[in-house]
Number of protein chains: 2
Amino acid sequence: MRKKLTERQLEILQFIEDFVEENNFPPTYREIGKKFNIASTFGVKRHIDALVKKGYLTTESNSFRSISLKDRKKNVNCEENNYVSVPLVGKVAAGYPVLAEENIEGNISLDASLLKSKGNLFGLKVQGDSMIEAGIFEGDLVIVKSQKICQNGDIIVALVEDESTLKRYVKKNGKTFLMPENPDFEPIDVTNNKNFQIVGKVIAVYRSFN
Amino acid sequence: MRKKLTERQLEILQFIEDFVEENNFPPTYREIGKKFNIASTFGVKRHIDALVKKGYLTTESNSFRSISLKDRKKNVNCEENNYVSVPLVGKVAAGYPVLAEENIEGNISLDASLLKSKGNLFGLKVQGDSMIEAGIFEGDLVIVKSQKICQNGDIIVALVEDESTLKRYVKKNGKTFLMPENPDFEPIDVTNNKNFQIVGKVIAVYRSFN
DNA sequence: TTGACAAGTGCACATAAGTTCACTATATTT
DNA sequence: AAATATAGTGAACTTATGTGCACTTGTCAA
């Protein structure tokens, strides 16, 4: 249990929460002061310092608008009761953010204990069987962490020439390949390919049988 | 549909999303520039302006750290989800009901939409790699529906001579086999084997990477 | 009385950060 | 060849914003 707050501190914490909810960024000391008729920012500062000390906030010193609410429910993934809700993405097209509203076909809730990664996650139905030897089949659901870069050996979702594809990302001898895990498919050399773009890294696979 | 983004704009939008996710407050132009090796904040500014113009962001002019992602999924609907809680079973031993309390190591909640079957379900960590060609690897979590009989071709959890095993159930020429899906393993003939017992049918597989 | 907190004021200060401008470079399109 | 869009540089400018200090007020307990 965290330390008890004074009434004033509570009010201010509440205001910061509301402000962040409203604006997606935290208020400045002067904005807080204005709301509570505190003329001096130093007065505000001491409240903030107290809230930091008691474990409700963090701030970056000498940085503006850097108040961060601790343990706040991120609205990207709803993590109430250890569930993580991930959007189900229909298609991946070049030039649009994967998580754009238009792409999202639904949501799936997963138990947080099943997911080892955090961040921008989404689910994607697998098309094609280029990864069968990696145990990923057509129709499987893959959980993808949205990211632009990845490590050698990661299984990724990528865009190549406006086509989205699921492959293993391999760097070898200064070249970059997308390796299928199916003898019927050929590796794709994407070294210096300008129409190649990483969409995200596969962090989990789910398959259900009839 | 919002306007298409250039690759650079997409990268930057992605970075902002990640940054907000990480810090709960948006980055400054210089922080963005630093990440992408853009020396001049003006270069960054024009990207931000473009993203605002295309409807992906809003900013407060002359205010620091005031980038706000538009249409963040605040409307995550946590309410209307159906969860199914399945027990995680540690080991399957003969003579004990699989779902006996002693065997249960925890619970996992799954979105009902992921499960096509109802009934007595449980989760089981896969040991051994006899089913790799069916895309089930060691360490995977299989969701099993507890049942005593099954259909030809089902992947099942069975007890043979007090050992629990994961195999495909195949009837052929009046005989019953447990078929591994790995060339290194031999089929097991369980025809008339009194120490053979079906525990349940695998209805789903879940695997997380790393 | 003393002292300790909590809360606030007013000012000066340093600087982090957004804005603007002129200029360059590369594609792609007309 | 000219025009347009994207991308970046570097410097100058402005100001929003956090920090520090000295001082005041009120409350509550020892």
Side-chain angles (χ1 to χ4, degrees), chain A residues 2-16 19-20 23-69 94-96 148 161-162 192-197, chain B residues 2-16 19-20 23-69:
Chain A
R2 285 181 292 191
K3 283 179 197 159
K4 208 176 166 183
L5 296 177
T6 67
E7 204 175 317
R8 202 63 166 153
Q9 288 163 2
L10 201 65
E11 277 185 308
I12 287 170
L13 180 60
Q14 188 66 55
F15 170 70
I16 294 169
F19 190 101
V20 171
N23 300 284
N24 289 330
F25 51 81
T28 63
Y29 289 4
R30 280 171 182 81
E31 282 166 344
I32 297 171
K34 197 175 169 190
K35 207 74 182 180
F36 293 98
N37 290 318
I38 303 174
S40 172
T41 55
F42 188 58
V44 176
K45 179 177 166 49
R46 271 212 311 266
H47 284 126
I48 302 301
D49 288 348
L51 285 164
V52 169
K53 205 169 176 183
K54 292 183 181 177
Y56 292 84
L57 299 177
T58 61
T59 58
E60 302 280 313
S61 64
N62 289 312
S63 185
F64 306 154
R65 286 194 198 278
S66 63
I67 297 172
S68 171
L69 295 158
Y96 297 98
K148 288 276 152 201
E161 321 286 352
D162 281 14
N192 302 324
N193 185 335
K194 276 190 268 181
N195 290 314
F196 162 68
Q197 177 192 336
Chain B
R2 283 181 293 190
K3 283 179 196 159
K4 202 173 169 181
L5 297 177
T6 67
E7 203 177 320
R8 202 62 168 155
Q9 290 162 1
L10 200 65
E11 278 185 307
I12 288 170
L13 179 61
Q14 186 69 55
F15 170 71
I16 295 170
F19 190 102
V20 172
N23 299 284
N24 291 332
F25 51 82
T28 63
Y29 289 5
R30 282 170 181 83
E31 282 166 345
I32 297 170
K34 198 175 168 191
K35 208 72 182 182
F36 293 99
N37 290 317
I38 303 174
S40 171
T41 54
F42 186 57
V44 176
K45 180 176 166 50
R46 271 215 308 267
H47 284 126
I48 301 301
D49 288 346
L51 284 164
V52 169
K53 204 169 174 183
K54 293 182 181 178
Y56 293 86
L57 299 177
T58 61
T59 58
E60 302 283 312
S61 64
N62 289 311
S63 184
F64 304 158
R65 286 195 198 278
S66 63
I67 297 171
S68 170
L69 295 158

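The sequence lines fix the lettering, A, B, ..., with proteins before strands; numbering per chain opens at 1.
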Difference in axis direction between the ends of the helix from C/dT1-D/dA30 to C/dT30-D/dA1, five pairs, 10°: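 Answer for the end axes of this duplex: 20°.
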
A/Tyr29 side chain near D/dT19 phosphate (N/O to OP1/OP2, under 4.0 Å):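 Answer yes for this pair, as a side-chain N or O of A/Tyr29 is under 4.0 Å from OP1 or OP2.
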
Salt-bridge contact B/Arg65-B/Glu31 (side-chain N to carboxylate O under 4.0 Å):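 Salt bridge present between B/Arg65 and B/Glu31.
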
Lys/Arg N to Asp/Glu carboxylate O, A/Lys45 vs A/Asp49, below 4.0 Å: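 Answer for the salt bridge query: yes.
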
Can you tell me how far [atom2] of [N] sits from [atom1] of [X], to the nearest Å?
X	N	atom1	atom2	value
A/Lys45	D/dA22	NZ	P	16 Å
A/Ile48	C/dA6	CD1	P	15 Å
B/Phe25	D/dT17	CZ	C1'	14 Å
A/Phe64	D/dT17	CZ	C1'	4 Å
A/Asn62	D/dG20	CG	P	8 Å
A/Ile67	D/dT17	CD1	P	12 Å
A/Arg65	D/dT15	CZ	C1'	13 Å
B/Lys34	C/dA16	NZ	P	12 Å

Sugar-phosphate only, base, or nothing, as touched by A/Ser63 at under 4.0 Å among non-hydrogen atoms: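 Sugar-phosphate, no base atom in range.
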
Under 4.0 Å protein heavy-atom contact, by nucleotide of nucleotides 8-13 of chain C - B base, S sugar-phosphate only: BBB---

Shortest non-hydrogen contact from [X] toward [Y]:
X	Y	result
B/Leu13	B/Tyr56	CD2-CD2, 3.8 Å
B/Pro26	A/Phe25	CD-CB, 3.5 Å
A/Leu69	B/Asn24	O-ND2, 3.3 Å

B/Ser68 (side chain) donor-acceptor with A/Asn23 (main chain) under 3.5 angstrom: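 Checking the backbone N and O of A/Asn23 against the side chain of B/Ser68, a donor-acceptor pair under 3.5 Å is found.
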
Listed partners of A/Ser66 passing side-chain hydrogen bond (donor to acceptor under 3.5 Å, both in side chains), at least two apart: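 Partners of A/Ser66 under the side-chain hydrogen bond (donor to acceptor under 3.5 Å, both in side chains) test: none.
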
Mutual orientation of the aromatic rings belonging to A/Phe64 and B/Phe64 [parallel < 30°, tilted 30-60°, perpendicular > 60°]: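 Plane angle under 30°, so parallel.
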
From A/Thr58, A/Ile67, A/Leu57, residue fulfilling side chain to side chain contact (heavy atoms under 4.5 Å, CB included) relative to A/Val52: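 Testing A/Val52 for a side chain to side chain contact (heavy atoms under 4.5 Å, CB included) against A/Thr58, A/Ile67, A/Leu57 leaves exactly one candidate, A/Leu57.
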
